[in-house]
Amino acid sequence: MALGKYTRTDGRKSSSSYCSTVTLVVFVALCLVGVWMLTSSSTPVQNVDLPVEKQKNDVKEEGKDINEGITKQFEDNPGDLPEDATKGDSNVNMFQDENNTLEKTNENASKEKQDEKEGKSDERIKSDTENEENKMEEIESKKEDSTEDVSTPVQQKDSEEHSDENQSESVDVEKKTEENSSETKDDKENSQIEENVEHTQGKQSDESSKDKEDVLSKDQVSKELFPSGAQAEILNESTTQTGSFSTQAAESENEKEAQKSPESTQQAAVSWKLCNTNAGPDFIPCLDNLDVTRHLRTTKHYEHRERHCPEEPPTCLVPLPDGYRRPFEWPKSREKIWYYNVPNTKLAEVKGHQNWVKVSGEYLTFPGGGTQFKHGALHYIEFIETVLQKQGIDFKWGKSSRVVLDVGCGVASFGGFLFEKDVLTMSFAPKDEHEAQVQFALERGIPAISAVMGTKRLPFPGIVFDVVHCARCRVPWHIEGGKLLLELNRVLRPGGLFVWSATPIYQKRDEDVGIWKAMSQLTKSMCWELVAKESDTVNEVGVAVYRKPLSNECYEQRSKSEPPMCQESDDCNAAWNVPLQPCMHKIPLGDSERGSHWPEQWPTRLRKPPYWLTSTQVGVYGKAAPEDFKADYEHWKRVVSQSYLNGIGISWSTVRNVMDMRAIYGGFAAALRDLNLWVMNVVSIDSADTLPIIYERGLFGIYHDWCESFSTYPRSYDLLHADHLFSKIKQKCNFQGLVAEVDRILRPDGKLIVRDNIEVITELESMLRAMHWEIRMTYSKDKEGLLCAQKTMWRPNEVEILTYATS
């Protein structure tokens, strides 16, 4: 029988609404049924009550299915998150306490309702309209229960069971519960800092070792709690799930933030273009500025190889070489690279007989040789150590000599094999006729920059390198009063070594004899001591090793002040665009002066604050300098171990070349020391000058201005880390230019980790999406955020011609 709308009835009256929905054709039949129902007062209640209970059961099963679906869809994978990710903190316990309160309320209401059912059967019947509302409220109640549970499998299961038990409650009790829940949620959202998380769970590919993740939709949001502030680590990463829907608070907050940042809306419409330059895929903006180099008055001092940056950094994207493939992992990359990644055979043609590089099918191979070590860099390295020890010098690679500067590095095989000795080598060479030598080094996974000894100081602080090395580096050390050798004297530690391997040491041609004589006079006037000079019979070369003095006594006893001592006002750490000065700085002698003592042996020097950091000095974060140093180190150890290594889906075995774009004390690099990688620590020129501290602890780095392009080839790094850098750049120069620079120096499939304020994170995310980058994860809390993104192979079709870089 078809039933119309239910009406409230006590069994003694007939339901007149039955007649309202029947047709005239069955009028008589319905009248007879009405008479029958009048004589059976209890039957209608039973007939009506059964559908109500059935409907409630249906709703219960439907709600359970929804809850189970959400639980399965968002269940945490412990392998993708830190151990803390499935543990609650005090904030989450508050959510649990509130849920327990609601559970008790619901249980009491259920008991009261059972008593009412025994005494008043008429109050158990509701209209169809109320039942429909009931369905929606119960389903919504289940969803809210799901969102307010900590997302561990056990707790979600308990939530589902409790939700099932509450399905038999009355509509009045349910409404009251929902109102209380809504008020509680409002209070929690006003008292708790909301954090949005977009997370993708990784899939690993055997061929590419690439971590692909299934990207959740924008509305699939979880809340994660972690300490805020510019330097706060991600700890106790407890999550609550909101299913496939974002919360109203999250939507409203995001909209308010977006309205506060109109620039973000404008930036989302950025249309990226492809750079068209003479250099093509190898474009370095500050070294390929043809407008400047064409009009230089002289190139006598390699001015055309120095940095000449355009007035505005490029905002276009550098093209990829045809056939580009992901580089090999270290240490395999030290031996060979893909030919099409650096399709340059000129160096192989010129230096192949010296075992620099050879072409082998689709590979370029590196036998480990060099001009002065044709039979391998490792033998050459061990030969130097043996020579020094024979002279009674306590020298051992990787202990007292940890940080090395290699001048005119070629393809950097010397630095590449020093990794086996636990030595970090900063290699550099100009972008010259050996076009791709530094690019080869970086592609192999060896640290290097494009630089030249010309008219300006190198971008390093004074007295930081333990050893400086030059093997046929083509630098005329002896000319113009030894100006270039004096620059090495500036960056070499007191007591540090200069290892020189060149033909004047072991050949007797007139030119070589003349150079050796000039070098001997120059080094003597600089008070450098020749501690060893010996021939290598295997490589048929010779090596001379000089040592910088430990005191000023020799300087004071010179008969002539040539070269002169620098003025007291001359800061040996000043290095950014500072012209070379043909002078020497005094050796620091005070116990608390940097350079007066040799650093501790590696790896002790990594962990201990330098002896010259005193409690009277204030550190970058406001504490006494030694405590500041320790706090920074402990902070980054926690961040790296608890979040970066396991929580953001990066396969660290594929990461070799890393840059910390805004290093402070080098804590991020120090925290990664156990991994098979190296970190280029960049200290901005307008930040606190902490680069000497980084070198003191056995790490290395460089000064740089991020309003300009970095002196490296495109596709140099596997991972870039930027801690509150983008917000600072946005205040002073071209934000889009920095984003384009990040794309230039990062390899396809490379990762970018950014910690910054939420406005910058939002704008940056929009720009990266416009470049078709894969956004792997974002966090936000208390106007602070974290973003992890991965560069793809995508390049735009539209072209932008850079006139200053084209002929």
Side-chain angles (χ1 to χ4, degrees), residues 282 284 305 327-338 341-342 344 346-348 350-352 354-358 364-381 384 397-398 401-453 458 460 465 467-475 499 501 539 656-659 676-680 700-702 710-713 715-718 745 747:
D282 300 331
I284 305 176
R305 306 298 185 194
F328 294 107
E329 294 180 13
W330 181 269
K332 189 177 182 180
S333 62
R334 186 176 63 184
E335 319 303 332
K336 67 178 181 179
I337 65 175
W338 294 110
N341 287 12
V342 191
N344 195 316
K346 184 174 182 179
L347 204 58
V350 176
K351 296 292 186 178
Q354 296 175 348
N355 287 330
W356 280 38
V357 57
K358 296 180 180 294
L364 290 169
T365 60
F366 300 85
T371 304
Q372 298 299 100
F373 38 91
K374 293 181 289 185
H375 297 285
L378 195 56
H379 166 79
Y380 176 74
I381 290 167
I384 293 171
W397 291 113
S401 299
R402 161 69 180 174
V403 187
V404 174
L405 178 67
D406 189 15
V407 182
C409 62
V411 295
S413 290
F414 179 73
F417 281 91
L418 273 174
F419 276 110
E420 295 187 10
K421 303 291 185 179
D422 221 359
V423 172
L424 270 181
T425 307
M426 175 73 76
S427 302
F428 77 89
K431 188 177 183 181
D432 59 10
E433 65 271 13
H434 294 157
E435 185 74 20
Q437 53 186 330
V438 167
Q439 192 174 20
F440 281 143
L442 290 161
E443 189 72 14
R444 297 173 68 191
I446 303 171
I449 61 169
S450 290
V452 65
M453 299 201 70
L458 296 170
F460 313 120
F465 288 102
V467 177
V468 177
H469 173 258
C470 161
R472 291 285 291 275
C473 53
R474 303 172 63 196
V475 178
V499 180
S501 177
N539 288 307
R656 173 64 182 172
N657 303 358
V658 179
M659 178 186 286
N676 213 358
L677 51 79
W678 56 270
V679 180
M680 179 69 73
F700 63 13
I702 189 172
F710 195 76
S711 293
T712 192
Y713 281 86
R715 305 170 301 281
S716 294
Y717 288 87
D718 299 304
I745 65 179
R747 291 170 172 169

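Here the CG-CG distance, from L405 to L458, works out to 7.0 Å after rounding to the nearest 0.5 Å. Taken to the nearest 0.5 Å, the OH atom of Y717 stands 12.5 Å off from the CG atom of L677. Atoms CG and CH2, from N657 and W678 in turn, are 4.5 Å apart once rounded to the nearest 0.5 Å. Taking CG of D422 as the reference point, atom OG of S401 lies at 12.5 Å (rounded to 0.5 Å).
Taking the ring axis of F417 as reference, the NZ or CZ atom of R334 stays within 45° of it and closer than 6.0 Å to the ring centre. A cation-pi arrangement, defined by a distance under 6.0 Å to the six-membered ring centre and an angle within 45 degrees of its axis, is absent between R444 and F419.
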Side chain to side chain contact (heavy atoms under 4.5 Å, CB included), that's the test. Do M453 and F428 meet it? Break it down for me. CA-CA 10 Å; M453 299 201 70; F428 77 89; 3.8 Å; yes
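Within the 4.5 Å cutoff, side-chain heavy atoms of L424 are placed close to those of R402. Between M680 and M426 the shortest side-chain heavy-atom distance falls below 4.5 Å.
Judged by distance alone, with hydrogens and angles left aside, the side-chain atoms of W397 form a donor-acceptor pair with the main-chain N or O of I381 at under 3.5 Å.
Remark: A471 engages Q372, F373, Y380, H469, S501 in a side chain to side chain contact (heavy atoms under 4.5 Å, CB included) (not counting sequence neighbours). Take S716 and apply the side chain to side chain contact (heavy atoms under 4.5 Å, CB included) test, not counting sequence neighbours, and it matches L442, T712, Y713.
Between R656 and D718 no salt bridge is recorded (no basic side-chain N to carboxylate O distance below 4.0 Å).
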